[in-house]
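To keep things clear, I will list the structure first and then write my remarks on it.
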Amino acid sequence: MSSSLADEPVEPSEEGDEPLTDDEYAGYLDDLGSAWEVVDDHHLEATYEFDDFATALAFTNDVGELAEAEWHHPDIHLSWGEVGVEMWSHDIGGLHKSDFVMAARMDQLYAEYDAEYNVE
Ligand SMILES: C[C@H](O)[C@H](O)[C@H]1CNC2=NC(N)=NC(=O)C2=N1
């Protein structure tokens, strides 16, 4: 996982942008942690594991703050000990570089948690 993607700006998609094709996003996907996969060439998906609900909730709130700051929002599913995230660009109905930057930022956030488990 290269930290360079996380250091890039989250630039929103422009009107008329086409979603990235698998060839176009392959390099970005390689830069992400192993937690992430692309589903149906449409969105990124990952599940982060934690020791308990409270820690999962804290991570969820951190992701929420990141999303608000970057004005680019994931779908988040909070469970006991787990946070599921889906990330895509709604305005183009698919994947944009900004989704991969956000995923890399979430990987950075997760790395700060003293979680016992990592996602396989
Ligand atoms: C109305 C608001 O500006 C838009 O919904 C923004 C906010 N957050 C967003 N988040 C995501 N993931 N995709 C978008 O297209 C998007 N657009």
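Indexing begins at 1, ligand by ligand and atom by atom, following the structure's order.
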Problem - His96/Asp91 under side-chain hydrogen bond (donor to acceptor under 3.5 Å, both in side chains): CA gap, chis, key distance, verdict - result: CA-CA 10 Å; His96 183 270; Asp91 51 3; over 6 Å; no
Problem - Result of checking Val101, Leu20, Val38 against Tyr28 for side chain to side chain contact (heavy atoms under 4.5 Å, CB included) - result: Leu20
Practice task
Decide if atom NE2 of His77 counts as having more than 12 heavy atoms of other residues, nucleotides or ligands within a radius under 6.0 Å.
Solution key: no
Exercise for the section: Kindly tell me which protein residues have any non-hydrogen atom under 4.0 angstrom away from an atom of ligand 1, grouped by chain and ordered by number? Expected result: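 Answer by chain and number: Trp71, His72, His73, Met87, Trp88, Ser89, His90, Asp91.
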Exercise for the section: Show your working on salt bridge (Lys or Arg N to Asp or Glu O under 4.0 Å) between Lys97 and Glu8 and close with a plain yes or no. Expected result: CA-CA 10 Å; Lys97 182 178 181 183; Glu8 300 212 22; 2.4 Å; yes
Problem - Side chain to side chain, Glu70 and Met102, heavy atoms closer than 4.5 Å - result: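 Glu70 reaches Met102 side chain to side chain.
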Fill in the blank from the handout: Applying side-chain hydrogen bond (donor to acceptor under 3.5 Å, both in side chains) to Asp41 and not counting sequence neighbours gives Tyr25
